[in-house]
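Treat the numbers as computed from the prediction; the structure is a model and nothing was measured. Chain identifiers are assigned alphabetically (A, B, ...) following the order of the sequence lines, protein sequences preceding nucleic acid strands; residue numbering begins at 1 within each chain. In what follows, every heavy atom counts, from backbone to side chain, and hydrogens, waters and symmetry copies are set aside.
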Amino acid sequence: MSKIVYTRSKGLTDVETHYCPGCTHGIIHKLVAETMVELDIVEDTIGVCPVGCSVFAYKYFACDMQEAAHGRAPAVATGIKRVHPDKPVFTYQGDGDLVSIGMGEIIHAAARGEKITVIFVNNAIYGMTGGQMAPTTLVGQKTTTSPFGRDAALTGNPIRMCEMIATLDGAAFVERVTVTDSKSLLRAKRAIKRAFELQQQNAGFTFVEVLSTCPTNWGINPRQALTWLNENMIPVYPLGNFKDVKVDKA
Amino acid sequence: MRRELWKGNEAIAEAAIRAGCRFYFGYPITPQSEIPEYMAAHLPERGGVFPQAESEISAINMVYGAAGAGARVMTSSSSPGVSLKQEGISFIVGAELPAVIVNVMRSGPGLGGIQPAQGDYFQATRGGGNGDYHHLVLAPNSIQEAVDLMQLAFELADKYRNPVMILADGMIGQMMEPVEWKKAEITEARVYPEWATTGRGGRENHRIVNSLYIESEIMEAHVHHLFSKYKAMEENEVLYEESGIEDAEVVLVAYGVPARIADKAVELLKEEGIKAGLFRPITLWPYPKKRLNDIASLDHVKNFVVVELSMGQMLEDVQLSVNGKKPVHFHGRPGGAIPSPGEVKDAVKKFIGRES
Ligand SMILES: Cc1ncc(C[n+]2csc(CCOP(=O)(O)OP(=O)(O)O)c2C)c(N)n1
Ligand code: SF4
C-alpha cells in the first residue's frame with residue numbers, strides 16, 4: 001500500500017494556481033495556509049489579496065477573501081478588522097503593491113497598530129505587468145523600465161520596509177525571511193506563525209517580508225533565481241527579526 | 001414632533017448613526033469637516049468606530065473592506081477628496097458592495113474654493129471612476145431632506161448592493177435649520193448579508209469579495225448584471241418634486257439649495273404675471289427623464305431655464321430629457337457665488353423675451 005507523504009494544506013482550495021514554474025509565490029501561499037491550519041483559524045480568517053501576480057489568491061486560500069485595489073490592501077484590511085476585531089485578518093502583497101503605490105496605506109496601518117498580519121512578497125520587480133522596475137529593484141538590476149540597470153541617480157535606491165516599519169510604535173512584529181532552502185523555509189514558517197499568533201494576542205501590527213523569486217522576469221531559470229536571490233538580494237535586504245514585542249500567550 | 005436646530009454636516013452625521021451606520025472612515029476637508037468631527041465625538045458612545053484615515057483613498061478602501069465584511073458603512077468628503085475616492089467607488093460598484101458616500105461640494109477645478117458649488121454633477125452622475133457603471137445620487141435641498149435621505153441611502157445601498165452618493169452643496173453642510181427626527185434609531189446589531197466575508201465559521205465554501213473578471217464572457221455577463229440593477233433603479237427609485245407646472249409657460253429646473261433660490265424666483269415671476277413653475281430632481285441618477293419629457297410635451301410650457309452653481313452640467317440631462325421639444329436656457333454661477341432670486345428672475349425674463 002502506498003503511503004501519502006504530502007497532501008495539499010486544508011488552508012488552500014483545490015484550485016490549481018497560475019504561478020510560473022519555479023516561482024516562490026506558491027511556497028509562500030503554502031506557508032500561510034499551513035499556519036492557518038496549525039492555528040485552527042481557516043474558519044475565522046479573512047484574507048486580502050493585492051493587485052500583482054497574487055491577484056488571484058482569493059481563489060487559492062480557503063478562508064474568506066477580499067480582492068483589493070492596487071496598493072490598498074492594508075486599508076481594506078483595516079475596514080475588515082474594525083468590523084470583525086475578533087477575526088484574524090491578513091494581507092498578501094507584492095513589492096510594487098506595498099512599497100510603491102501602497103506606501104501610504106502600509107505605513108499608516110503599521111502606525112495605527114492595526115491588528116493585522118501583512119505578508120510582503122519582495123521579488124524586486126513588477127511580476128504581473130511584465131518585469132518593470134519596482135522601488136525594491138536593486139541598483140544595477142535590469143528590468144524593462146531600467147533596461148541599462150537601475151540608476152540610483154535617476155530613480156533612487158531600494159527601500160527597506162522592515163527597517164522602516166520597525167521604527168513605528170504600532171508595529172509588534174517585523175521579520176525578513178526567505179524561502180530559498182529548507183532551513184530558510186522553516187524560519188519563514190516560524191515567522192509567519194509568530195505574526196498570526198501575535199495578531200491573535202492583539203499585540204499590534206505584524207509584518208513578514210519574504211524575499212521571493214521571479215524567474216520569469218529575472219530572465220533566469222528557477223535554480224539560478226534562488227542563487228541570484230541569495231547572492232544579490234540578501235546583502236541589500238538582510239534577513240532577520242527587527243521587532244518582536246514578545247507578548248506572552250495567556 | 002419636536003424640531004431641533006441642527007447644522008447640516010452634523011445632522012448628516014447624526015442621521016447616518018440613526019440609520020444604523022456604526023463604521024465611518026474619512027479625512028478632513030472643508031466644508032464637510034464637521035462630519036468626521038461629529039463621528040469622532042459620537043460614534044464611540046453609540047458602539048461605533050471612526051479611525052481617521054491618512055487620505056481619502058485610504059478612507060474609501062476602508063469602506064470597501066468594512067462593507068465587504070458586512071457592515072453598514074459611510075464616508076464623506078468634499079470635491080477634491082471625492083475625486084480621490086473615485087477608484088475606490090468603482091471597485092465598490094464592481095464588487096457589488098453597499099456603502100454611502102457624502103459629497104459636500106465646493107468649487108473647482110483644482111483646489112478651487114471652499115464656497116458652495118455644484119461642479120461635481122458630471123463626476124457623480126456619469127460614474128467618476130473607471131468602467132461602465134452608475135450609482136444612485138441623492139440631492140437634498142434642505143437639512144431636513146438630507147436627514148430623511150440618509151436613511152433611504154443606506155436602504156437603497158443594501159437593496160441594490162451598490163454605493164449611493166448624497167450630493168450636497170456646501171450650503172447644506174454649513175447652514176443651520178430645524179430638523180425633525182422622523183424615524184426611530186436603528187440600534188439592533190446588523191445581520192450580516194449572506195455574501196459578506198465574515199470568516200467561514202463552518203460554511204462549506206469561502207466567500208470572495210472581488211471586482212476582477214478576467215474572462216471576457218464572464219466580465220460581460222457581470223456588467224450586464226450590473227446594468228439590470230441600474231434598470232431597476234431607473235424604474236423604481238426616481239424622485240423629484242414639482243410645483244406650478246399645471247399652467248407654467250416657463251419651467252425652472254434646479255436641484256439642491258439653488259432649487260430654493262429658483263423657487264423664490266418663481267414667486268417673483270408670478271408677482272409680475274409670468275406663469276412659472278419649478279421642477280426639482282431629487283435623484284440626479286437615475287434622472288427623472290420621463291417626467292421632464294412629459295412636461296416638455298405640455299402645450300403651455302414654452303421654455304425651460306436650468307439654474308445651477310456650475311457652468312451647466314445638469315443642463316445636459318435636462319436637454320437630453322426635453323429632447324429638443326422646447327428651448328432649454330441656462331443661468332449659472334460657478335465660483336461659489338450664489339445668485340439671488342432677483343438675478344434668476346431677471347435672467348428668466350431675458351430668456352423668454354419678457355424684459356420690462
Ligand atoms: C492603479 C493601478 N496601477 C497600475 C496597475 C498595473 N499593475 C498591476 S500589478 C502591478 C505591479 C505588481 O507588482 P508587485 O506588486 O511587485 O507584485 P508581483 O506581480 O511581482 O507579485 C501593476 C503596476 C493597476 N492594476 N492598478
Ligand atoms: S511573473 Fe514572476 S512573480 Fe509572477 S508568477 Fe511568474 S515568476 Fe512568479
Side-chain angles (χ1 to χ4, degrees), chain A residues 10-15 18 36 41-51 55-89 91 101-114 116, chain B residues 22-25 27 43 48-73 75 84-92 94-95 97 99 129-130 190 192 195-214:
Chain A
K10 291 264 179 286
L12 295 172
T13 59
D14 274 337
V15 178
H18 68 288
M36 288 196 288
I41 54 171
V42 178
E43 297 289 325
D44 301 325
T45 302
I46 304 154
V48 184
C49 47
V51 172
V55 70
F56 291 119
Y58 59 81
K59 295 197 231 174
Y60 309 145
F61 288 113
C63 58
D64 277 1
M65 292 294 294
Q66 292 198 18
E67 205 295 308
H70 195 21
R72 317 303 174 204
V76 170
T78 297
I80 299 170
K81 188 73 182 192
R82 296 304 177 119
V83 175
H84 300 295
D86 52 333
K87 303 277 167 73
V89 175
T91 73
I101 196 166
M103 182 61 106
E105 282 74 12
I106 191 67
I107 291 292
H108 284 276
R112 284 193 304 271
E114 288 301 335
I116 60 174
Chain B
R22 292 293 176 273
F23 297 91
Y24 170 82
F25 303 97
Y27 186 83
L43 262 182
V49 53
F50 160 39
Q52 182 168 316
E54 66 274 19
S55 70
E56 289 86 352
I57 297 176
S58 188
I60 193 70
N61 283 285
M62 291 175 184
V63 167
Y64 176 102
R72 184 159 266 200
V73 54
T75 185
L84 284 181
K85 291 184 194 291
Q86 292 301 330
E87 180 202 37
I89 294 172
S90 171
F91 272 66
I92 289 171
L97 302 176
N130 61 298
R190 180 159 163 95
Y192 295 125
W195 45 260
T197 57
T198 53
R200 278 173 62 173
R203 258 188 279 119
E204 195 179 335
N205 291 313
H206 65 161
R207 289 177 182 164
I208 296 167
V209 166
N210 173 41
S211 68
L212 175 66
Y213 294 91
I214 205 82

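- Between the side chains of A:Q66 and B:T197, a donor-acceptor pair is found at a separation under 3.5 Å.
- Interface remark: B:I214 contributes side-chain atoms only to the contact with chain A (heavy atom separation under 4.5 Å).
- Your options are B:G202, B:S90, B:A71, B:G70, and the one with the most heavy-atom pairs under 4.5 Å with chain A is B:G202.
- With chain A as the partner, the residue from B:N205, B:I57, B:V63 showing the most heavy-atom pairs under 4.5 Å is B:I57.
- Ion pairing between a basic and an acidic side chain is recognised when a charged N comes within 4.0 Å of a carboxylate O; B:K85 and B:E56 show no such pairing.
- Contact check for A:V42 versus A:K10: no side-chain heavy atoms found under the 4.5 Å cut-off.
- Of the listed residues A:R112, A:K59, A:R82, the one with more heavy-atom pairs under 4.5 angstrom with chain B than any other is A:R82.
- For a residue to count as touching a neighbouring chain, one of its non-hydrogen atoms must lie under 4.5 Å from one of that chain's; by this rule A:A62 touches chain B with backbone and side chain alike.
- If you look at B:F91 and A:H70, their ring centroids are not closer than 6.0 Å.
- Heavy atoms closer than 4.5 Å to chain A are found in both the backbone and the side chain of B:Y64.
- Taking A:I80, A:I107, A:V48 one by one and counting their heavy-atom pairs under 4.5 Å with chain B, the maximum is reached by A:I80.
- Interface residue B:T198: backbone and side-chain heavy atoms are both found under 4.5 Å from chain A.
- Interface summary for chain A: among B:A95, B:S58, B:G88, B:G48, the most heavy-atom pairs under 4.5 angstrom belong to B:S58.
- Ranked by heavy-atom pairs under 4.5 Å with chain B, the first of A:G71, A:C49, A:C63, A:A111 is A:C63.
- Between B:Y192 and A:H84, the ring centre distance stays below 6.0 Å.
- Contact of the B:L97 side chain with the B:V209 side chain is registered, since non-hydrogen atoms from C-beta on lie closer than 4.5 Å.
- Interface remark: B:A59 contributes no atoms to any contact with chain A (heavy atom separation under 4.5 Å).
- Contact count versus chain B (heavy atoms, under 4.5 Å) is highest, among A:G47, A:A77, A:A69, for A:A69.
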Given B:R203 and A:D64, is the salt bridge (charged side-chain N to carboxylate O under 4.0 Å, His left out) satisfied, shown in steps? CA-CA 10 Å; B:R203 258 188 279 119; A:D64 277 1; 2.7 Å; yes
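- Here B:H206 and A:F61 keep their ring centres 6.0 angstrom or further from each other.
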